[in-house]
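The structure appears below as structure tokens.
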Amino acid sequence: MEHVVKWKALRDQAITVTGTTIYIPQSIYQPYTEADRVRYIEKADLKEPVIFKTAHPDQWGIPLGDALKAKMKNLIDKDDKMLENCGPSVSIRLQWPGYRAWTRQIPTMDFKSPKGPITRAKLAKTIANCVKRFIEEKEMECMEMEADRRWRVGTRYIRMEDLILVSLHHISKGSWQPQLRLRTALGDIQLRRLQPQAPLSIA
């Protein structure tokens, strides 16, 4: 399917200057039943991926830490309108290895005055918030039995600050899925596990 080809091709097309070329190995979300796959994917008008390109350096991807703090001065076309004609809300989906599929509804409109479609900059910040929430929730859960522990999330594992948002893909009628790559090398992340945890302070 075309959206799958675009998802896989993006990793080869993306221009990378900072961070790593290691992407979070997500599976692509798809509905459970064949009827729903036909209805929500094959018969849906899936839009082109949203690419988050930056200047200084010129590359594809914005660090999620910057997006969360709205540090967007280097984001190209940051005021472009996104998710037009996609309904009042869409689902952001994460298929993170080792964890159950996760989804969060986000509005497609920015309700500031004047009201209008969400901008590329606001969309980046919203996705950063989604990933932050995902990590906070999953830090409290055990990974699946056969999971690759390198992809564990949490304070001593992969944090939001370790991630770069490269693109957002329309993967079914009402669902979009972000492509994320590592800003921090896996080896450096794994070293955190060896560091002793700070003792809890007693007030």
Output all residues satisfying salt bridge (Lys or Arg N to Asp or Glu O under 4.0 Å) with [X], sequence neighbours left out; order by chain, then residue number.
X: K73; answer: none
X: R93; answer: none
X: E42; answer: none
X: D36; answer: none

Do other residues, nucleotides or ligands put more than 12 heavy atoms under 6.0 Å from the CD atom of E2?
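No.
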
Only pairs at least two apart or in different chains count here, so list each salt bridge (charged side-chain N to carboxylate O under 4.0 Å, His left out) that has a residue in [range].
range: residues 145-155; answer: D148-R150
range: residues 23-32; answer: none
range: residues 119-136; answer: D80-R120, K132-E136

Write down the atom of [X], the atom of [Y], and the distance for their closest heavy-atom approach.
X: L165; Y: P178; result: CD1-CB, 3.8 Å
X: A67; Y: A124; result: CB-O, 3.7 Å
X: K6; Y: P49; result: CD-CD, 4.1 Å
X: L68; Y: M160; result: CD2-CE, 3.5 Å
X: R183; Y: P63; result: NH1-CB, 3.5 Å

Path from [X] to [Y] over hydrophobic side-chain contacts below 4.5 Å:
X: M143; Y: V153; value: yes
X: W60; Y: L75; value: no
X: I22; Y: V166; value: no

Determine whether the side chains of [X] and [Y] contain a donor N or O and an acceptor N or O closer than 3.5 Å.
X: Q105; Y: S91; answer: yes
X: Q26; Y: Q177; answer: yes
X: Q59; Y: T16; answer: no

Mind checking whether [X] and [Y] have side chains closer than 4.5 Å, heavy atoms only?
X: P117; Y: D110; result: no
X: K173; Y: R39; result: no
X: L163; Y: I135; result: yes
X: I164; Y: T20; result: no
X: F52; Y: L168; result: yes
X: I118; Y: T126; result: yes
X: T103; Y: I92; result: no
X: W176; Y: I106; result: no

How does the hydrophobic cluster around Y157 look, that is, which other residues are in it when side-chain heavy atoms under 4.5 Å mark a link?
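Result for Y157 is none, singleton.
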
Each residue besides V4 in its hydrophobic cluster should be listed here, by chain and number; the cluster joins Ile, Leu, Val, Met, Phe, Trp and Tyr at side-chain heavy-atom distances under 4.5 Å.
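Members other than V4 - counting any ILVMFWY side chain reachable under 4.5 Å - are M1, W7, I28, Y29, I41, L46, I171.
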
To the nearest 0.5 angstrom, please state how far the [atom1] atom of [X] sits from the [atom2] atom of [Y].
X: I76; Y: H56; atom1: CD1; atom2: NE2; value: 8.5 Å
X: R181; Y: T21; atom1: CZ; atom2: OG1; value: 8.0 Å
X: R104; Y: I127; atom1: CZ; atom2: CD1; value: 14.0 Å
X: Y99; Y: K138; atom1: OH; atom2: NZ; value: 8.5 Å
X: H3; Y: E48; atom1: NE2; atom2: CD; value: 12.5 Å
X: I158; Y: I24; atom1: CD1; atom2: CD1; value: 4.5 Å

With sequence neighbours left out, what residues match S172 under side chain to side chain donor-acceptor pair (under 3.5 Å)?
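Here the qualifying residues are S175.
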
What orientation do F134 and W96 show, parallel under 30°, tilted 30 to 60°, or perpendicular over 60°?
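It falls in the tilted class, 30° to 60°.
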
Q95 and W102: CA distance, side-chain angles, deciding distance, side chain to side chain contact (heavy atoms under 4.5 Å, CB included) verdict
CA-CA 7 Å; Q95 302 278 117; W102 186 92; over 6 Å; no

Distance-only, no hydrogens or angles: does the T54 side chain make a donor-acceptor pair with backbone N or O of I62 under 3.5 Å?
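Looks like no, no N/O pair under 3.5 Å.
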
Look only at the side chain of Q179 and the backbone of Y23, and say whether a donor-acceptor pair between them is shorter than 3.5 Å.
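Side chain of Q179 to backbone of Y23, a donor-acceptor pair under 3.5 Å: no, none is there.
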
Side-chain donor-acceptor pairs under 3.5 Å in residues 81-88, sequence neighbours left out?
none

Mind checking what makes side-chain contact (heavy atoms from CB on, under 4.5 Å) contact with R159, not counting sequence neighbours?
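Here the qualifying residues are E161, D162, R192.
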
